[in-house]
S.K.: 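Would you mind keeping the following structure in view while I ask a few things?
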2 protein chains.
Amino acid sequence: MPGQRSITQAEKLAEAKLGGIPVRHEQMAVVANIYRAASAVRQHLENSVLRGADLTWTAFVVLWVVWIWGESETRHVAEEAGISKGTLTGVSRTLEKRGLLRRAGHPTDGRLVLLSLTEEGEELMRRVFPAFNEEEAFVAAQLDVDECRSVADGLRRVVLQVEEHGEERRLALLDGAAPAPRRSGRRPQP
Amino acid sequence: MPGQRSITQAEKLAEAKLGGIPVRHEQMAVVANIYRAASAVRQHLENSVLRGADLTWTAFVVLWVVWIWGESETRHVAEEAGISKGTLTGVSRTLEKRGLLRRAGHPTDGRLVLLSLTEEGEELMRRVFPAFNEEEAFVAAQLDVDECRSVADGLRRVVLQVEEHGEERRLALLDGAAPAPRRSGRRPQP
DNA sequence: TCCGTACAATTTGGAGCCGAACGACATCTG
DNA sequence: CAGATGTCGTTCGGCTCCAAATTGTACGGA
(Lines give C-alpha, C1' and ligand atoms only; values in the text may rest on other atoms or scores of the structure.)
Protein backbone atom coordinates (compact mmCIF):
# COMPACT_ATOMS: atom_id res chain seq x y z
CA MET A 1 0.00 0.00 0.00
CA PRO A 2 2.03 2.88 -1.32
CA GLY A 3 -0.16 5.67 0.08
CA GLN A 4 0.01 4.41 3.65
CA ARG A 5 3.66 3.63 3.61
CA SER A 6 4.98 6.64 1.79
CA ILE A 7 3.13 9.03 4.03
CA THR A 8 4.30 7.35 7.19
CA GLN A 9 7.82 7.32 5.88
CA ALA A 10 7.58 10.95 4.84
CA GLU A 11 6.51 11.81 8.36
CA LYS A 12 9.52 10.09 9.86
CA LEU A 13 11.84 11.78 7.43
CA ALA A 14 10.23 15.10 8.27
CA GLU A 15 10.75 14.53 11.96
CA ALA A 16 14.40 13.73 11.32
CA LYS A 17 14.72 16.86 9.20
CA LEU A 18 13.36 18.96 12.00
CA GLY A 19 15.79 17.53 14.50
CA GLY A 20 13.60 17.03 17.49
CA ILE A 21 11.09 19.79 16.95
CA PRO A 22 7.79 18.02 17.52
CA VAL A 23 5.56 17.33 14.52
CA ARG A 24 1.82 16.87 14.86
CA HIS A 25 1.71 13.62 12.94
CA GLU A 26 -1.95 12.81 13.03
CA GLN A 27 -3.06 16.29 12.02
CA MET A 28 -0.47 16.31 9.28
CA ALA A 29 -1.74 12.98 8.01
CA VAL A 30 -5.31 14.23 7.96
CA VAL A 31 -4.44 17.26 5.86
CA ALA A 32 -2.20 15.32 3.50
CA ASN A 33 -4.86 12.70 2.93
CA ILE A 34 -7.67 15.17 2.52
CA TYR A 35 -5.79 16.72 -0.33
CA ARG A 36 -4.75 13.43 -1.89
CA ALA A 37 -8.27 12.10 -1.72
CA ALA A 38 -9.73 15.26 -3.20
CA SER A 39 -7.36 15.11 -6.16
CA ALA A 40 -7.96 11.41 -6.72
CA VAL A 41 -11.71 11.74 -6.55
CA ARG A 42 -11.85 14.77 -8.77
CA GLN A 43 -9.59 13.17 -11.34
CA HIS A 44 -11.61 9.98 -11.39
CA LEU A 45 -14.91 11.75 -11.81
CA GLU A 46 -13.60 14.13 -14.45
CA ASN A 47 -12.15 11.26 -16.44
CA SER A 48 -15.21 9.05 -16.17
CA VAL A 49 -18.67 10.62 -16.19
CA LEU A 50 -17.83 14.30 -16.60
CA ARG A 51 -15.57 13.92 -19.61
CA GLY A 52 -18.35 12.14 -21.43
CA ALA A 53 -20.76 15.00 -20.75
CA ASP A 54 -18.11 17.57 -21.68
CA LEU A 55 -18.21 19.13 -18.23
CA THR A 56 -15.41 20.19 -15.95
CA TRP A 57 -15.67 19.54 -12.24
CA THR A 58 -16.42 23.18 -11.56
CA ALA A 59 -19.04 23.39 -14.27
CA PHE A 60 -20.75 20.31 -12.86
CA VAL A 61 -20.73 21.66 -9.34
CA VAL A 62 -22.27 24.91 -10.50
CA LEU A 63 -25.01 23.09 -12.40
CA TRP A 64 -25.59 20.86 -9.41
CA VAL A 65 -26.01 23.77 -7.03
CA VAL A 66 -28.48 25.53 -9.29
CA TRP A 67 -30.29 22.28 -9.94
CA ILE A 68 -30.72 21.51 -6.27
CA TRP A 69 -31.45 24.96 -4.95
CA GLY A 70 -33.40 26.26 -7.92
CA GLU A 71 -33.05 29.77 -9.29
CA SER A 72 -30.40 31.49 -7.19
CA GLU A 73 -28.37 34.66 -6.96
CA THR A 74 -24.84 34.27 -8.22
CA ARG A 75 -23.13 35.09 -4.94
CA HIS A 76 -24.99 32.25 -3.21
CA VAL A 77 -24.09 29.87 -6.01
CA ALA A 78 -20.42 30.87 -5.81
CA GLU A 79 -20.44 30.41 -2.05
CA GLU A 80 -22.15 27.05 -2.21
CA ALA A 81 -19.96 25.83 -5.08
CA GLY A 82 -16.81 26.96 -3.31
CA ILE A 83 -15.51 29.19 -6.10
CA SER A 84 -14.94 32.93 -6.35
CA LYS A 85 -17.49 35.30 -7.85
CA GLY A 86 -15.09 36.07 -10.66
CA THR A 87 -14.74 32.44 -11.61
CA LEU A 88 -18.49 31.99 -11.56
CA THR A 89 -18.95 34.79 -14.07
CA GLY A 90 -16.84 32.93 -16.61
CA VAL A 91 -18.19 29.46 -15.89
CA SER A 92 -21.81 30.56 -15.96
CA ARG A 93 -21.35 32.34 -19.26
CA THR A 94 -19.80 29.26 -20.78
CA LEU A 95 -22.73 27.19 -19.56
CA GLU A 96 -25.14 29.79 -20.85
CA LYS A 97 -23.56 29.60 -24.29
CA ARG A 98 -24.05 25.85 -24.22
CA GLY A 99 -27.71 26.34 -23.45
CA LEU A 100 -27.61 24.66 -20.05
CA LEU A 101 -27.97 27.69 -17.82
CA ARG A 102 -30.08 30.84 -17.90
CA ARG A 103 -28.92 34.20 -16.56
CA ALA A 104 -31.63 36.71 -15.76
CA GLY A 105 -31.59 40.07 -14.03
CA HIS A 106 -33.41 40.38 -10.73
CA PRO A 107 -36.81 42.04 -11.23
CA THR A 108 -36.39 44.69 -8.53
CA ASP A 109 -32.67 44.81 -7.66
CA GLY A 110 -30.65 45.69 -10.74
CA ARG A 111 -27.37 44.56 -9.21
CA LEU A 112 -28.33 40.92 -8.96
CA VAL A 113 -28.18 38.17 -11.55
CA LEU A 114 -30.26 35.03 -11.12
CA LEU A 115 -29.14 31.66 -12.41
CA SER A 116 -31.46 28.83 -13.34
CA LEU A 117 -31.26 25.68 -15.44
CA THR A 118 -32.77 25.52 -18.89
CA GLU A 119 -34.85 22.48 -19.75
CA GLU A 120 -31.78 21.11 -21.50
CA GLY A 121 -29.79 21.65 -18.35
CA GLU A 122 -32.38 19.82 -16.27
CA GLU A 123 -32.28 16.92 -18.69
CA LEU A 124 -28.51 16.80 -18.51
CA MET A 125 -28.54 16.66 -14.73
CA ARG A 126 -31.19 13.96 -14.63
CA ARG A 127 -28.97 11.93 -16.90
CA VAL A 128 -25.53 12.74 -15.44
CA PHE A 129 -26.20 12.86 -11.72
CA PRO A 130 -27.07 9.19 -11.27
CA ALA A 131 -23.86 8.23 -13.06
CA PHE A 132 -21.94 10.73 -10.92
CA ASN A 133 -23.42 9.34 -7.75
CA GLU A 134 -22.53 5.84 -8.91
CA GLU A 135 -18.90 6.87 -9.14
CA GLU A 136 -19.08 8.52 -5.75
CA ALA A 137 -20.12 5.13 -4.47
CA PHE A 138 -17.25 3.54 -6.36
CA VAL A 139 -14.56 5.73 -4.84
CA ALA A 140 -16.00 5.11 -1.38
CA ALA A 141 -16.36 1.39 -1.95
CA GLN A 142 -13.76 0.49 0.67
CA LEU A 143 -15.81 2.18 3.36
CA ASP A 144 -19.01 0.78 4.79
CA VAL A 145 -21.92 3.10 5.44
CA ASP A 146 -20.96 3.80 9.05
CA GLU A 147 -17.40 4.60 8.08
CA CYS A 148 -18.68 6.94 5.39
CA ARG A 149 -20.72 8.72 7.99
CA SER A 150 -17.88 9.09 10.42
CA VAL A 151 -15.39 10.27 7.81
CA ALA A 152 -17.89 12.76 6.43
CA ASP A 153 -18.58 13.96 9.96
CA GLY A 154 -14.90 14.43 10.71
CA LEU A 155 -14.41 16.40 7.53
CA ARG A 156 -17.41 18.56 8.32
CA ARG A 157 -15.77 19.47 11.60
CA VAL A 158 -12.65 20.53 9.72
CA VAL A 159 -14.69 22.71 7.38
CA LEU A 160 -16.56 24.27 10.29
CA GLN A 161 -13.38 24.94 12.21
CA VAL A 162 -11.95 26.89 9.30
CA GLU A 163 -15.20 28.66 8.51
CA GLU A 164 -15.81 29.70 12.08
CA HIS A 165 -12.34 30.44 13.37
CA GLY A 166 -10.15 30.75 10.28
CA GLU A 167 -10.52 34.47 9.82
CA GLU A 168 -9.67 35.35 13.41
CA ARG A 169 -6.80 32.91 13.36
CA ARG A 170 -5.29 34.50 10.26
CA LEU A 171 -5.61 37.93 11.81
CA ALA A 172 -3.96 36.71 14.99
CA LEU A 173 -1.07 35.25 13.01
CA LEU A 174 -0.49 38.44 11.09
CA ASP A 175 -0.63 40.30 14.37
CA GLY A 176 -1.46 43.65 12.86
CA ALA A 177 1.07 43.38 10.07
CA ALA A 178 0.02 44.24 6.53
CA PRO A 179 -1.95 41.36 5.00
CA ALA A 180 0.61 40.95 2.21
CA PRO A 181 -1.49 41.35 -0.93
CA ARG A 182 -1.61 38.52 -3.40
CA ARG A 183 0.73 38.72 -6.36
CA SER A 184 -2.07 38.33 -8.87
CA GLY A 185 -5.25 40.40 -9.06
CA ARG A 186 -6.26 43.41 -11.07
CA ARG A 187 -3.86 46.35 -11.07
CA PRO A 188 -4.97 49.86 -10.11
CA GLN A 189 -5.65 52.32 -12.94
CA PRO A 190 -2.61 54.64 -13.59
CA MET B 1 -23.97 24.88 11.42
CA PRO B 2 -24.38 25.66 7.76
CA GLY B 3 -22.17 22.88 6.42
CA GLN B 4 -24.07 20.09 8.14
CA ARG B 5 -27.48 21.42 7.40
CA SER B 6 -27.02 22.55 3.86
CA ILE B 7 -25.52 19.26 2.79
CA THR B 8 -28.22 17.20 4.41
CA GLN B 9 -30.86 19.41 2.93
CA ALA B 10 -29.22 19.27 -0.47
CA GLU B 11 -29.34 15.50 -0.32
CA LYS B 12 -33.04 15.51 0.38
CA LEU B 13 -33.67 17.96 -2.41
CA ALA B 14 -31.58 15.81 -4.73
CA GLU B 15 -33.63 12.76 -3.85
CA ALA B 16 -36.81 14.66 -4.58
CA LYS B 17 -35.36 15.87 -7.87
CA LEU B 18 -34.62 12.32 -8.89
CA GLY B 19 -38.11 11.15 -8.12
CA GLY B 20 -37.44 7.92 -6.35
CA ILE B 21 -34.21 6.90 -8.02
CA PRO B 22 -32.08 5.89 -5.06
CA VAL B 23 -29.21 8.15 -4.05
CA ARG B 24 -26.18 6.84 -2.17
CA HIS B 25 -26.34 9.46 0.54
CA GLU B 26 -23.38 8.51 2.66
CA GLN B 27 -21.00 8.12 -0.25
CA MET B 28 -22.22 11.39 -1.69
CA ALA B 29 -21.63 13.10 1.62
CA VAL B 30 -18.11 11.74 1.82
CA VAL B 31 -17.17 13.05 -1.60
CA ALA B 32 -18.81 16.42 -1.06
CA ASN B 33 -17.05 16.89 2.26
CA ILE B 34 -13.69 15.73 1.00
CA TYR B 35 -13.82 18.45 -1.55
CA ARG B 36 -15.11 21.11 0.80
CA ALA B 37 -12.48 20.29 3.35
CA ALA B 38 -9.71 20.31 0.78
CA SER B 39 -10.72 23.76 -0.44
CA ALA B 40 -11.08 25.13 3.05
CA VAL B 41 -7.74 23.77 4.20
CA ARG B 42 -5.88 24.92 1.14
CA GLN B 43 -7.37 28.37 1.34
CA HIS B 44 -6.56 28.72 5.00
CA LEU B 45 -2.97 27.64 4.55
CA GLU B 46 -2.41 29.78 1.49
CA ASN B 47 -3.80 32.82 3.24
CA SER B 48 -1.87 32.29 6.46
CA VAL B 49 1.62 30.85 6.33
CA LEU B 50 2.15 30.48 2.61
CA ARG B 51 1.17 34.01 1.66
CA GLY B 52 3.73 35.33 4.07
CA ALA B 53 6.46 33.22 2.48
CA ASP B 54 5.25 34.16 -1.02
CA LEU B 55 4.56 30.56 -1.90
CA THR B 56 1.60 28.98 -3.60
CA TRP B 57 0.24 25.68 -2.37
CA THR B 58 1.76 23.85 -5.30
CA ALA B 59 5.14 25.49 -4.87
CA PHE B 60 5.15 24.54 -1.21
CA VAL B 61 4.23 20.95 -1.93
CA VAL B 62 7.02 20.66 -4.47
CA LEU B 63 9.54 22.07 -2.05
CA TRP B 64 8.26 19.77 0.66
CA VAL B 65 8.61 16.67 -1.50
CA VAL B 66 12.16 17.53 -2.48
CA TRP B 67 13.01 18.47 1.08
CA ILE B 68 11.74 15.19 2.50
CA TRP B 69 12.93 12.84 -0.19
CA GLY B 70 16.15 14.60 -1.05
CA GLU B 71 17.46 15.00 -4.59
CA SER B 72 14.89 13.39 -6.88
CA GLU B 73 14.01 12.94 -10.52
CA THR B 74 11.29 15.28 -11.72
CA ARG B 75 8.81 12.58 -12.67
CA HIS B 76 8.90 11.19 -9.14
CA VAL B 77 8.43 14.64 -7.68
CA ALA B 78 5.46 15.30 -9.96
CA GLU B 79 3.92 11.97 -9.01
CA GLU B 80 4.42 12.51 -5.30
CA ALA B 81 3.22 16.11 -5.43
CA GLY B 82 0.14 15.14 -7.42
CA ILE B 83 0.75 17.46 -10.38
CA SER B 84 1.55 16.84 -14.01
CA LYS B 85 5.09 16.88 -15.34
CA GLY B 86 4.26 19.91 -17.43
CA THR B 87 3.18 21.88 -14.40
CA LEU B 88 6.28 20.86 -12.53
CA THR B 89 8.52 22.23 -15.25
CA GLY B 90 7.07 25.69 -14.76
CA VAL B 91 6.90 25.58 -10.98
CA SER B 92 10.42 24.24 -10.58
CA ARG B 93 11.84 26.89 -12.85
CA THR B 94 10.13 29.62 -10.88
CA LEU B 95 11.56 28.19 -7.67
CA GLU B 96 14.96 27.93 -9.31
CA LYS B 97 14.84 31.61 -10.24
CA ARG B 98 14.06 32.42 -6.62
CA GLY B 99 17.12 30.48 -5.55
CA LEU B 100 15.22 27.87 -3.57
CA LEU B 101 15.63 24.89 -5.87
CA ARG B 102 18.48 23.47 -7.91
CA ARG B 103 18.00 21.68 -11.22
CA ALA B 104 20.82 19.44 -12.33
CA GLY B 105 21.20 16.94 -15.15
CA HIS B 106 21.55 13.28 -14.25
CA PRO B 107 25.23 12.27 -14.43
CA THR B 108 24.70 9.21 -16.66
CA ASP B 109 21.22 9.57 -18.18
CA GLY B 110 20.97 12.83 -20.08
CA ARG B 111 17.18 12.69 -20.24
CA LEU B 112 16.70 13.10 -16.51
CA VAL B 113 16.67 16.22 -14.42
CA LEU B 114 17.34 16.07 -10.70
CA LEU B 115 15.81 18.51 -8.24
CA SER B 116 17.32 19.43 -4.91
CA LEU B 117 16.98 22.27 -2.44
CA THR B 118 19.53 25.02 -2.21
CA GLU B 119 20.75 26.00 1.22
CA GLU B 120 18.32 28.90 1.04
CA GLY B 121 15.55 26.46 0.25
CA GLU B 122 16.46 24.30 3.22
CA GLU B 123 16.41 27.31 5.46
CA LEU B 124 13.01 28.34 4.15
CA MET B 125 11.56 24.91 4.84
CA ARG B 126 13.02 24.76 8.34
CA ARG B 127 11.33 28.05 8.98
CA VAL B 128 8.01 27.54 7.15
CA PHE B 129 7.22 23.91 7.86
CA PRO B 130 6.70 24.25 11.61
CA ALA B 131 4.28 27.11 10.98
CA PHE B 132 2.57 25.04 8.31
CA ASN B 133 2.23 22.08 10.63
CA GLU B 134 0.85 24.38 13.30
CA GLU B 135 -1.94 25.38 10.95
CA GLU B 136 -2.56 21.76 10.06
CA ALA B 137 -3.14 21.26 13.74
CA PHE B 138 -5.43 24.28 13.80
CA VAL B 139 -7.72 23.07 11.02
CA ALA B 140 -7.93 19.66 12.69
CA ALA B 141 -8.50 21.12 16.13
CA GLN B 142 -12.04 19.75 16.39
CA LEU B 143 -10.74 16.20 16.05
CA ASP B 144 -8.89 14.34 18.75
CA VAL B 145 -5.89 12.24 17.85
CA ASP B 146 -7.89 9.04 17.42
CA GLU B 147 -10.41 10.75 15.20
CA CYS B 148 -7.58 12.15 13.11
CA ARG B 149 -6.22 8.68 12.67
CA SER B 150 -9.53 7.20 11.66
CA VAL B 151 -10.39 9.99 9.23
CA ALA B 152 -6.93 9.78 7.67
CA ASP B 153 -7.31 6.04 7.40
CA GLY B 154 -10.68 6.31 5.70
CA LEU B 155 -9.32 8.82 3.22
CA ARG B 156 -6.35 6.59 2.51
CA ARG B 157 -8.75 3.82 1.58
CA VAL B 158 -10.47 6.18 -0.87
CA VAL B 159 -7.16 7.08 -2.46
CA LEU B 160 -6.15 3.43 -2.72
CA GLN B 161 -9.47 2.44 -4.21
CA VAL B 162 -9.05 4.98 -7.00
CA GLU B 163 -5.37 4.23 -7.52
CA GLU B 164 -5.88 0.49 -7.67
CA HIS B 165 -9.19 0.14 -9.45
CA GLY B 166 -9.86 3.52 -11.05
CA GLU B 167 -8.27 2.80 -14.37
CA GLU B 168 -10.09 -0.47 -14.94
CA ARG B 169 -13.32 1.11 -13.78
CA ARG B 170 -13.00 3.94 -16.30
CA LEU B 171 -12.29 1.48 -19.07
CA ALA B 172 -15.31 -0.59 -18.10
CA LEU B 173 -17.52 2.50 -18.14
CA LEU B 174 -16.34 3.57 -21.57
CA ASP B 175 -16.85 0.01 -22.75
CA GLY B 176 -14.48 0.31 -25.67
CA ALA B 177 -15.71 3.72 -26.75
CA ALA B 178 -13.19 6.45 -27.57
CA PRO B 179 -12.01 8.18 -24.37
CA ALA B 180 -13.52 11.53 -25.41
CA PRO B 181 -10.62 13.98 -25.40
CA ARG B 182 -10.51 16.85 -23.00
CA ARG B 183 -11.87 20.15 -24.24
CA SER B 184 -8.92 22.16 -23.05
CA GLY B 185 -5.31 21.39 -23.84
CA ARG B 186 -3.41 21.54 -27.06
CA ARG B 187 -5.35 20.69 -30.20
CA PRO B 188 -4.25 17.80 -32.41
CA GLN B 189 -2.34 18.80 -35.52
CA PRO B 190 -4.53 18.81 -38.69
C1' DT C 1 27.13 2.51 -37.60
C1' DC C 2 22.66 3.70 -38.47
C1' DC C 3 17.80 2.95 -37.49
C1' DG C 4 13.71 2.57 -34.89
C1' DT C 5 11.64 2.40 -30.63
C1' DA C 6 11.22 3.91 -25.90
C1' DC C 7 11.14 7.15 -22.63
C1' DA C 8 12.61 11.63 -20.56
C1' DA C 9 11.50 16.66 -19.92
C1' DT C 10 9.78 20.69 -22.26
C1' DT C 11 6.72 23.54 -25.10
C1' DT C 12 2.35 24.93 -26.20
C1' DG C 13 -2.54 26.03 -26.20
C1' DG C 14 -6.82 26.22 -23.92
C1' DA C 15 -9.47 26.53 -19.73
C1' DG C 16 -9.71 27.38 -14.82
C1' DC C 17 -9.18 30.08 -10.85
C1' DC C 18 -8.37 33.79 -7.45
C1' DG C 19 -8.78 38.28 -5.77
C1' DA C 20 -8.12 43.45 -6.41
C1' DA C 21 -10.15 47.05 -8.93
C1' DC C 22 -14.11 48.66 -11.10
C1' DG C 23 -18.68 50.37 -12.44
C1' DA C 24 -23.66 49.97 -11.85
C1' DC C 25 -27.14 50.12 -8.81
C1' DA C 26 -29.37 50.41 -4.01
C1' DT C 27 -29.78 52.42 0.32
C1' DC C 28 -28.84 55.16 4.10
C1' DT C 29 -28.26 60.07 5.96
C1' DG C 30 -28.27 64.63 6.70
C1' DC D 1 -33.06 64.56 -2.39
C1' DA D 2 -28.10 64.79 -3.17
C1' DG D 3 -24.00 62.84 -1.70
C1' DA D 4 -21.78 59.22 0.90
C1' DT D 5 -21.59 54.44 1.71
C1' DG D 6 -22.39 49.75 0.71
C1' DT D 7 -23.25 45.74 -2.14
C1' DC D 8 -23.57 43.40 -6.46
C1' DG D 9 -21.56 41.19 -10.63
C1' DT D 10 -17.84 41.94 -13.98
C1' DT D 11 -13.18 42.83 -15.59
C1' DC D 12 -8.58 41.76 -15.69
C1' DG D 13 -3.62 40.37 -14.38
C1' DG D 14 -1.10 36.64 -12.99
C1' DC D 15 -0.86 31.87 -11.99
C1' DT D 16 -2.11 27.01 -12.20
C1' DC D 17 -3.15 22.90 -14.54
C1' DC D 18 -3.64 19.42 -17.99
C1' DA D 19 -2.51 16.81 -21.97
C1' DA D 20 -1.00 16.79 -26.88
C1' DA D 21 2.85 17.82 -29.53
C1' DT D 22 7.65 18.28 -29.58
C1' DT D 23 12.42 17.82 -28.65
C1' DG D 24 16.22 15.40 -26.88
C1' DT D 25 18.58 11.30 -25.14
C1' DA D 26 19.27 6.15 -24.59
C1' DC D 27 19.64 1.74 -26.30
C1' DG D 28 18.80 -2.63 -28.72
C1' DG D 29 19.04 -4.67 -33.02
C1' DA D 30 20.11 -4.85 -38.20
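Letters A, B, ... mirror the listed sequences (proteins, then strands); counts begin at 1.
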S.K.: Just how far, in rounded Å, is C1' of C/dG19 from NE2 of B/His44?
M.R.: 18 Å

S.K.: Specify the separation, in whole Å, of atom CD of B/Glu79 and atom P of D/dA19.
M.R.: 13 Å

S.K.: Compute whether any side-chain donor of one residue and acceptor of the other, for B/His106 and B/Glu73, lie under 3.5 angstrom apart.
M.R.: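 B/Glu73 and B/His106 do not have a side-chain donor-acceptor pair below 3.5 Å.
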
S.K.: Please state whether the phosphate of C/dC17, meaning OP1 or OP2, lies under 4.0 angstrom from any side-chain nitrogen or oxygen of A/Thr87.
M.R.: no

S.K.: If you look at every strand shown and take non-hydrogen atoms under 4.0 Å, does A/Gly82 touch a base, only sugar-phosphate, or nothing?
M.R.: sugar-phosphate

S.K.: Within this structure, what is the CG-to-P distance between A/Asn47 and D/dA20, rounded to whole angstrom?
M.R.: 10 Å

S.K.: Atom CZ of residue position B/Arg24 - does it have more than 12 heavy atoms of other residues, nucleotides or ligands inside 6.0 Å?
M.R.: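 No, because the 6.0 Å sphere around CZ of B/Arg24 holds 12 heavy atoms or fewer from other groups.
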
S.K.: What does B/Thr108 touch in the nucleic acid at a heavy-atom separation under 4.0 angstrom: a base, only the sugar-phosphate, or nothing?
M.R.: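 B/Thr108: backbone/sugar contact only, no base atoms under 4.0 Å.
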
S.K.: Do B/Arg103 and B/Ser92 have a side chain donor and acceptor closer than 3.5 Å?
M.R.: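 The criterion, which ignores hydrogens and geometry beyond distance, is satisfied for B/Ser92 and B/Arg103.
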
S.K.: Is it possible for you to say whether A/Leu88 and A/Leu114 belong to one hydrophobic cluster, with membership spreading through side-chain heavy-atom contacts below 4.5 Å?
M.R.: no

S.K.: Want to settle it: does A/Gln43 or A/Gly86 sit nearer the 5' end of DNA chain D, counting the closest nucleotide to each?
M.R.: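 Comparing both residues, the 5'-ward one is A/Gly86.
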
S.K.: Just how far, in rounded Å, is P of D/dG9 from CG of A/Leu115?
M.R.: 9 Å

S.K.: Between B/Arg98 (CZ) and D/dC15 (P), how many Å, whole number?
M.R.: 11 Å

S.K.: Check whether B/Glu147 reaches the backbone of B/Asp144 with its side chain - one donor and one acceptor, N or O, closer than 3.5 Å.
M.R.: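 It does hold such a pair.
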
S.K.: Ring centroids only, cut at 6.0 angstrom: are B/Trp64 and B/Phe132 within range, meaning strictly under it?
M.R.: no

S.K.: Does D/dC18 have its OP1 or OP2 closer than 4.0 Å to a side-chain nitrogen or oxygen of A/Arg51?
M.R.: no

S.K.: Please verify the inter-ring angle class for A/Trp57 with B/Tyr35; under 30° counts as parallel, over 60° as perpendicular, anything in between as tilted.
M.R.: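 Taking B/Tyr35 first and then A/Trp57, their aromatic rings sit tilted (interplane angle of 30° to 60°).
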
S.K.: Could you check how far CZ of B/Arg93 sits from P of C/dT12, rounded to whole Å?
M.R.: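 Answer to the nearest Å: 10 Å.
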
S.K.: Polar-atom pairs under 3.5 Å, protein N or O versus N or O of nucleotides 1-3 of chain C: list them with distances, or write none.
M.R.:
none

S.K.: I need a per-nucleotide contact map over nucleotides 4-9 of chain C, read 5' to 3'. Cutoff is protein heavy atoms under 4.0 Å; write B for the base, S for backbone only, - otherwise.
M.R.: ---BSB

S.K.: What contact category does A/Gly110 fall into here, base, sugar-phosphate, or nothing, at under 4.0 angstrom with non-hydrogen atoms?
M.R.: sugar-phosphate

S.K.: Are a donor atom and an acceptor atom from the side chains of A/Thr118 and A/Arg102 found within less than 3.5 Å of each other?
M.R.: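 Their side chains do not contain a donor-acceptor pair, so the 3.5 Å distance test is not met.
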
S.K.: Does A/Ile83 reach a base, just sugar-phosphate, or nothing at all? Heavy atoms under 4.0 Å.
M.R.: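 The answer is sugar-phosphate, as A/Ile83 gets under 4.0 Å only of primed atoms, P, OP1 or OP2.
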
S.K.: Going hydrophobic residue to hydrophobic residue with side-chain gaps under 4.5 angstrom, can you get from A/Val66 over to A/Leu112?
M.R.: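 Different clusters.
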
S.K.: Take the protein atom CG of B/Leu88 and the nucleotide atom C1' of C/dT12, then report the distance between them rounded to whole Å.
M.R.: 17 Å

S.K.: Classify B/Thr58 by what it touches in the nucleic acid, base, sugar-phosphate, or nothing, heavy-atom distance under 4.0 Å.
M.R.: sugar-phosphate

S.K.: Within this structure, what is the NE2-to-C1' distance between B/His106 and D/dC27, rounded to whole angstrom?
M.R.: 16 Å

S.K.: Counting any heavy atom closer than 4.0 Å, what does B/Thr56 reach on the DNA or RNA strands: base, sugar-phosphate only, or nothing?
M.R.: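 Result for B/Thr56 = sugar-phosphate.
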
S.K.: Among A/Leu155, A/Val159, A/Val158, whose side-chain contact (heavy atoms from CB on, under 4.5 Å) with B/Val41 holds?
M.R.: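 The single option meeting the side-chain contact (heavy atoms from CB on, under 4.5 Å) with B/Val41 is A/Val158.
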
